[in-house]
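One structure is given below, encoded as structure tokens.
Scope of the values below: all heavy atoms of this structure, side chains included, with no hydrogens, waters or symmetry mates. Per chain, numbering begins at 1; letters A, B, ... match sequence-line order. Here the structure is a predicted model, which is why all the values come from computation and not from measurement.
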Amino acid sequence: MSHDATPKMTDLERLRHSAAHILATAITKLWPEAQLAAGPPVENGFYYDIDLKHRITPDDFAKIESEMKAVTKANQTFERIVVTRQEAVKMGQAGRLGAQQDRPEPSRYKLDILEGIPDDEQITLYKNGEFIDLCVGPHVMRTGNVGAFKITHVSSSYYKGDEKNPQLQRIYGTAFKNKTEMEAHFTLLEEAKKRDHRKLGKELQLFHIDDEVGQGLILWTPKGAIIRQELQNFISEELRKQGYSQVFTPHIGKLGLYRTSGHFPYYKESQYPPIVERETLDLLAKEGCTCSELTNRLDAGEINGYMLKPMNCPHHIKIFASQPHSYRDLPVRLAEFGTVYRWEQSGELGGMTRVRGFTQDDAHLFVTEDQVPAEVKGCLSLVKLIFSKLNMTDYRVRVGLRDPDSNKYTGDPANWDKAEQACREAAASLGVPFSEEAGEAAFYGPKIDFVVKDVIGREWQLGTVQVDYNLPIRFDLNYVGSDGKQHRPVMIHRAPFGSMERFIGCLIEHFAGAFPTWLSPEQVRFLPVTEAQNEYARKLHEQCLAHNIRSVLDDSREKLGAKIRLAQLEKVPYMLIIGEKELNSDHVSVRSRKLNDEGPKPWAEFFTRLQGEISNRLA
RNA sequence: GCCGGUUUAGCUCAGUGGUAGAGCAGCGGUUUUGUAAACCGCUGGUCAUCGGUUCGAAUCCGAUAACCGGCUCCA
């Protein structure tokens, strides 16, 4: 029995998938020897993976596009052809799949894809002009239905996403019903790029990355540091309310600690190599250890040293384990803004969202088995509270479960089942949509992640809550139960922001650099109209400083328009203009970043409003 | 790490083999100014780094680094 497996697609996806075929048609006209792999629609367009000796560069785009233009102009029909497996294989061997005609080389990727199609599924080809491709569809009726398209960029990819497979060229494009819609899309992209945290971070002097310090290592400049500090204050207040205890731990720990936790050697690839003591090195030198031996022995973990900590849990566990616990003590909640270091691949680093050193707003909860559901819920509602305080509503919740086909997970399957169920129920209790995704769990337990998109549509995991039955076993953690016997606690790892770096990177884009007053590096700026008002403005400015309001006095000799422009560009929430009239009436003219000219207000009234806005952390 | 692109003043960017440019910022002066840019002048560069081709290189070639877009990875 065979059944039609045509996937569901939106109209736009269908159009873009067809555009991918038009691209493939153009490519095979220009380079008949090209071997095609796959060409699906994606979020903002489509791509086609091809294997081709000629390196496609942006210089080729115009040529490809004009060839595509010819295809849409010819208004060819997309013809769906059902074939038997034998017929398809025969065509593949003749090089006819993903091609304009028979070729000396077989269509090797198409043949491979064919093998992956289940026996009971229909095999379909799509034909436009002379171009035939193995494809489930669906497509638009005619090539002319693709009204506007553009090749946007080219990059590399691995066949089926596996590093061991051949490297292909991935040609990206976008397509729309018509030109107007495509133009609107590009305008939107331009606008989004203005909010890029890397651009704004530089313009607003929020952070700096310096080659001489190192890739992926963030230097927080004074203005960025204020935002980070304010967020830390905010979260610390919430933690105190919710019964957390603050701890501090060092940035390094002995290699053996990570052997116990299982992070070494499991994650050694993504860690900085150990810091080895001078005496150890001297000893190795006396033994005649060569550099390559040293590397091997470091890799094998035979040489002891100190690791820059890749996570905070082992340190926190040692605090928990430093004294005996009764069930009456639990939950124990240990919180720290802990800085960790991870050796990320150089090609993956970028801005503040993917870095090599970052500070997690971390905490570890040591709880009894019974407390797991309630504590997970508590953690989730904290994350939700923090997100809503910052008006970040555009996130999705992902419940990461184990991949049934993988054996990378540690621990008892029965515990996994319980933990996964607890995560599911907790996520459901949030009252926001969530998706369950197999294979997204941590190796030690399932987790619930809060995921947001950046300005160019990439997803980043921010807040996370993870249930862990594994580390308590590895570290032999215990508490005394009401029965007087030793019991194993369960650990919950959680970080509402994820990391300060990534979170603030996303926050910069979320607010487009215009932070709410409580977070703004500069909250209010006084703009005297002439020098005659400088003294009065200074008095008010100093009153603000005395009340912990971040105020600046612009007593430069610029004209008011110039002062306003500067303050506006620097995204200061409140500009207070003081001229002759204001000076004589104890008023300030308020110009807010949001509403522009709000007119004159009595100083005392505005000051109260400002204080309220800050202390209530209004967004 | 892999593929492709990029790198010129603090910032944004011109400059396709013949003596390094503009605007903004900075500094000095003049202007006392009412809701997004007053005027004049000055300073500022080993053209990412290293090597090569050439009579001559920002420009052509090679290596390295960083950045950008993907891929892979992501505790």
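When heavy atoms are screened at a 4.0 angstrom cut-off, A:Phe443 is found touching no nucleic acid atom at all. Heavy atoms of A:Arg354 sit under 4.0 angstrom from at least one base atom.
Defined by atom type and a distance below 3.5 Å, a donor-acceptor pair is missing between the side-chain atoms of A:Thr517 and A:Gln523. Side chain to side chain, A:Lys309 and A:Thr339 fail the donor-acceptor criterion of an N or O pair below 3.5 Å.
Heavy atoms of other residues, nucleotides or ligands lying less than 6.0 angstrom from NZ of A:Lys150 number 12 at most.
Salt bridge status for A:Lys453 with A:Glu43: present, with a side-chain N to carboxylate O gap under 4.0 Å. The pair A:Arg488-A:Asp476 counts as a salt bridge, with a side-chain nitrogen and a carboxylate oxygen less than 4.0 angstrom apart. Using a cut-off of 4.0 Å between Lys/Arg side-chain N and Asp/Glu carboxylate O, A:Arg398 and A:Glu436 are scored as not salt-bridged. Ion pairing between a basic and an acidic side chain is recognised when a charged N comes within 4.0 Å of a carboxylate O; A:Glu440 and A:Arg402 show no such pairing. For the pair A:Arg170 and A:Asp49, the salt-bridge criterion is met [side-chain N within less than 4.0 Å of a carboxylate O]. Under a 4.0 Å N-O distance rule, the pair A:Glu522/A:Lys571 does not qualify as a salt bridge.
With both pairing distances under 3.5 Å, B:C13 is matched to B:G21 as a Watson-Crick or G-U wobble pair. When Watson-Crick and G-U wobble pairs are counted only if both distances are under 3.5 Å, B:A66 pairs with B:U6. Pair assignment for B:G44: none, as no Watson-Crick or G-U wobble contacts are both less than 3.5 Å. Nucleotide B:C73 has no partner under the Watson-Crick or G-U criteria, as no pair reaches both atom distances under 3.5 Å. For B:A38, the paired nucleotide is B:U30, the pair qualifying as Watson-Crick or G-U wobble because both relevant distances are below 3.5 Å. Of the nucleotides present, none pairs with B:A58 by Watson-Crick or G-U wobble criteria with both distances under 3.5 Å.
One P atom belongs to B:A66, the other to B:U49, and the distance between them is 15 Å to the nearest Å. Distance noted for atom C1' between B:G45 and B:G21: 11 Å (whole Å). Across the P atoms, B:U59 and B:G52 are found 14 Å apart, a figure rounded to whole Å. Comparing the C1' positions of B:C60 and B:C11 gives a spacing of 30 Å, expressed to the nearest Å. When the P atom is compared between B:A48 and B:C39, the two are found 33 Å apart, to the nearest whole Å. Between B:A58 and B:U54, the distance separating the two C1' atoms is 16 Å to the nearest Å. Across the P atoms, B:A63 and B:G1 are found 16 Å apart, a figure rounded to whole Å. Separation of the P atoms belonging to B:G10 and B:U46 is 8 Å when rounded to the nearest angstrom.
An OP1 or OP2 oxygen of B:C67 is reached within less than 4.0 angstrom by a side-chain nitrogen or oxygen of A:Gln215.
Whole-Å rounding puts the A:Gln466 CD to B:C74 P distance at 14 Å. At whole-Å resolution of the value, CD in A:Gln360 and P in B:C74 are 16 Å apart. Between A:Tyr158 atom OH and B:G1 atom P the separation is 12 Å, expressed in whole Å. As rounded to whole Å, 13 Å separates atom P of B:G70 from atom CZ of A:Phe61. In this structure, A:Lys164 atom NZ and B:C73 atom C1' are separated by 12 Å, rounded to whole Å. The CG atom of A:Asn165 sits 18 Å away from the P atom of B:C2 (whole-angstrom rounding). Residue A:Glu43 contributes atom CD, which lies 16 Å from atom P of B:G69 at whole-angstrom precision. Atom NZ in A:Lys199 sits roughly 19 Å away from atom P in B:C67 (whole-Å rounding).
Looking at every heavy atom in both residues, A:Lys563 comes nearest to A:Glu558 through CE-O, 3.4 Å. Of all non-hydrogen atoms in A:Arg55 and A:Asp60, the two that sit nearest each other are O-OD2, 3.6 Å.
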For every nucleotide of nucleotides 3-15 of chain B, 5' to 3': is a protein heavy atom under 4.0 Å from its base (B), only from its sugar-phosphate (S), or from neither (-)? BS-------S---
Let me have a per-nucleotide readout for nucleotides 34-41 of chain B, 5' to 3', with B, S or -, counting only protein heavy atoms under 4.0 Å. BBBBB---
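If A:Arg356 and A:Cys313 are placed on RNA chain B by their nearest nucleotide, the residue sitting closer to the 5' end is A:Arg356. The residue among A:Ser556 and A:Glu269 whose nearest nucleotide of RNA chain B lies closer to the 5′ end is A:Ser556.
Contacts between residues 451-463 of chain A and RNA chain B, counted as heavy-atom distances below 4.0 Å, involve A:Ile456, A:Arg458.
In this pair, A:Tyr574 and A:Phe606 present their aromatic rings perpendicular. The plane angle is above 60°, beyond the 30 to 60° band.
In this structure, the side chains of A:Asp586 and A:Tyr536 come closer than 4.5 Å at one or more pairs of heavy atoms.
Side-chain rings of A:Tyr444 and A:His493 approach one another, their centers coming within less than 6.0 Å.
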